[in-house]
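Numbers restart at 1 for each chain; the letters A, B, ... are given by sequence-line order, proteins then strands.
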Amino acid sequence: MNDFEHKLTECKKDKNHPLRNELINSYVPFIVKNISKVTGKYVSCENSDEFIVGLEAFNEAIDKYESSKGSFLNFAEIIIDSRVKDFIKKETHYQKQNQLSEKDEIGECIEKEYGNSELKEEVHKLKCVLSTFGIDIEDLVDQSPKHKKTKEEVTILSRKASKDDILVHKLYKNKTLPMADMIAKFSTTKKRLKDHRNFIIAVIVIFKEKLSGMIFFAGLGGE
Amino acid sequence: MYKGVVIELKKDYSIVLADRQFYRVTNKVGMEEGQKIMFTEEDIFIRKPVLATRNIYIFAGMVASFITIVMLIYQTNFSNYGVYAIATVDINPSVELKLDKDYKVIKETRLNKDAEVLGEMEIMGRDIENAIEIVVAKAEEKGFIDGNQDAYVLVTTIPLKENQLQIGEETKTRINAKVKESIVLQNVNIATIQTTKAVYDEAVEKNIPVGICTLKGKIDMEKYNSVKEFFKVKENLDLFEEAGDIITSKKAEVSEQNTGSNSPKEVNIEKNVDKKDSEAKAINENIVSVVNKDKIKGNNTEEAISIKNIESGEKLKVDEDIITSREKENNENKKEGEIKQEEEISDVIGENNENINDSGAQESQGNSSNSENADNENKESDVLKETTDETVEGAAVDTSTETIDETSTDEDSNNGSRTENESNSSSSKKGSNKNN
């Protein structure tokens, strides 16, 4: 805690201190959580005004915090809460005005929609392809690797496999993972392939279909 | 914190691909597929609630199955462990009764083909003694017990636990009490005996009455596959009385009283033969009982039976004669009554006289004691004289005067003839009563 308080006081002194960025970054989950609590929605990764408002509120909390008045996180929570609420109020007010002058907003709306719809298409495609393999998304949740190391290993393996045309062809033809070939080509074990069979297939499909948005957001790009 | 793409929306949660892994996250407002979201550990959907609901079903299922198992055990308890004792009733239909603690029948099993003939018996839940009564009554109905013959009902009790030796005694006292009020049971000898489960098992295996099997070693069991045959032999009776008890039938007791304990039966029979019809029934009873006794004693059995048969046959014939004559009489009287409605008094008188003569003759034929009545009737020339013995003298005069006055009307004549008919029939009845 001393370290944290030390950081806080440092940040307070200097608005552009590198520690401030570090501090905010490390508390993003906290910020997101609190925003989500207020709005009742998930915070979008892109074009999320609430997220920015939350970050600003957190920043403000760092400035305004006085150690004598209790814990920082409680204070920050109150600040975030109130700021986001204010923002939503403003937003709804703004939207009401927007309804009167819709024309200006159309362009922006389309842009927003587009970003989402692209991903939506990707998701739809992925689902379609996976259904031909007889894989339900539900199965993927339980079969996706949980450990960081395995996750990494399996994604790398899948990416390699997706670049191998013969393997991919076999996979699409037989609708099953060509395990023997994969074991021969990549140094892996049968157990690993078996355990994460569906996940591997899904990742291969994602790479094969070049669902770039998904690759990016799912952190599959890596390396 | 995670950043990911919403892949699929479900009812309770959504699936998100984030950080090289698929996650389930709790649903929030405004989610759509393809949405890029940030979420924290807290948002990850834990299947606990789902598991909980599933658990409820599993739990409910377990409870249900548990209850069914308990009930099954309870039921089997009822059918097997609830059986306190077994009692077999052998006449020759053999019926096995399973008893509970209160000596109530909870299961009945027919042990042989004869028993299956008995048909439906409503003995479930009845006390042992009542059940036995019903079985005996049924057996009698189906002809397994001949009223004239000495019939034995062998009741064998089998306690299923070693400390229940009082069952035999209890059963015996119960039967004894029942015999006092049950006519059915008074007509038969009831032999009671107690045995063990081992003997019971053996008997069931060999398909012989359990009670007889109890005496194994003492007798050759192979010879007797029915109770009737077993009790025909006197030695068996003695043997049996060592191990069990015999509640003798009322009939046998009566016979003992009548004949006296030591009087030779042949003398009795001779006496009986000489006696009048009016005592025929009593004689018959005596004969039956004598025969029974003979059988028990094992002396001159065949002779006794033959005599008995002859005697009973004769008696039956006599009875039949009496009955038929009475019937004839009645019929004639009726017919004549009808005819007389249209006839004149003179005719009525004549016919009635004839009737009286007929009936008197018949009655005297069947019954000498009735001759007095007949004589009276004959003496009185007037047909309408008497209805009863009391009115013979005094009333007869009145009625006769009345009838003389009434001769002018048909109706009255009819009445007169009717009363006469009645008087005839009543007199004949009286005769028969005296006979009895």
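- Contact of A/S44 with chain B is made through backbone and side chain together, with heavy-atom distances under 4.5 Å.
- By number of non-hydrogen pairs under 4.5 angstrom with chain A, the leading residue of B/T26, B/V6, B/V16, B/N27 is B/T26.
- Between chain B and the options A/V154, A/T39, A/T155, A/I35, heavy-atom pairs under 4.5 Å are most frequent for A/T155.
- With a 4.5 Å cut-off on non-hydrogen atoms, A/F30 does not touch chain B at all.
- Taking every heavy atom of both residues into account, A/P29 and A/S26 meet most closely at CD-O, 3.8 Å.
- The residue among B/M38, B/E42, B/K3 with the most heavy atom pairs within less than 4.5 Å of chain A is B/M38.
- Of the two parts of A/D139, neither the backbone nor the side chain holds a non-hydrogen atom closer than 4.5 Å to a non-hydrogen atom of chain B.
- In plain terms, the two heavy atoms of A/F186 and A/K160 that are nearest each other are CE2-CB, 3.7 Å.
- At a cut-off of 3.5 Å, with distance as the only test, no side-chain donor of B/Y2 or B/Q21 sits close to an acceptor on the other residue.
- Considering OH of A/Y27 and CG of A/N59, their distance stands at 14.5 Å, rounded to 0.5 Å.
- For the residue pair A/K41 / A/S36, no side-chain donor-acceptor distance below 3.5 Å is found, with atom types taken as modelled.
- With respect to chain A, the highest number of heavy-atom pairs below 4.5 Å among B/K10, B/M31, B/E8 belongs to B/E8.
- Ring pair B/Y23/B/F45: centre-to-centre distance not below 6.0 Å.
- Interface residue B/I7: backbone and side-chain heavy atoms are both found under 4.5 Å from chain A.
- Only the side chain of A/I206 comes within less than 4.5 Å of a heavy atom in chain B; its backbone stays farther off.
- Of all non-hydrogen atoms in A/S144 and B/F22, the two that sit nearest each other are OG-N, 3.5 Å.
- Counting heavy-atom pairs closer than 4.5 Å to chain B, the top-ranked of the candidates A/E122, A/K148, A/E152 is A/E152.
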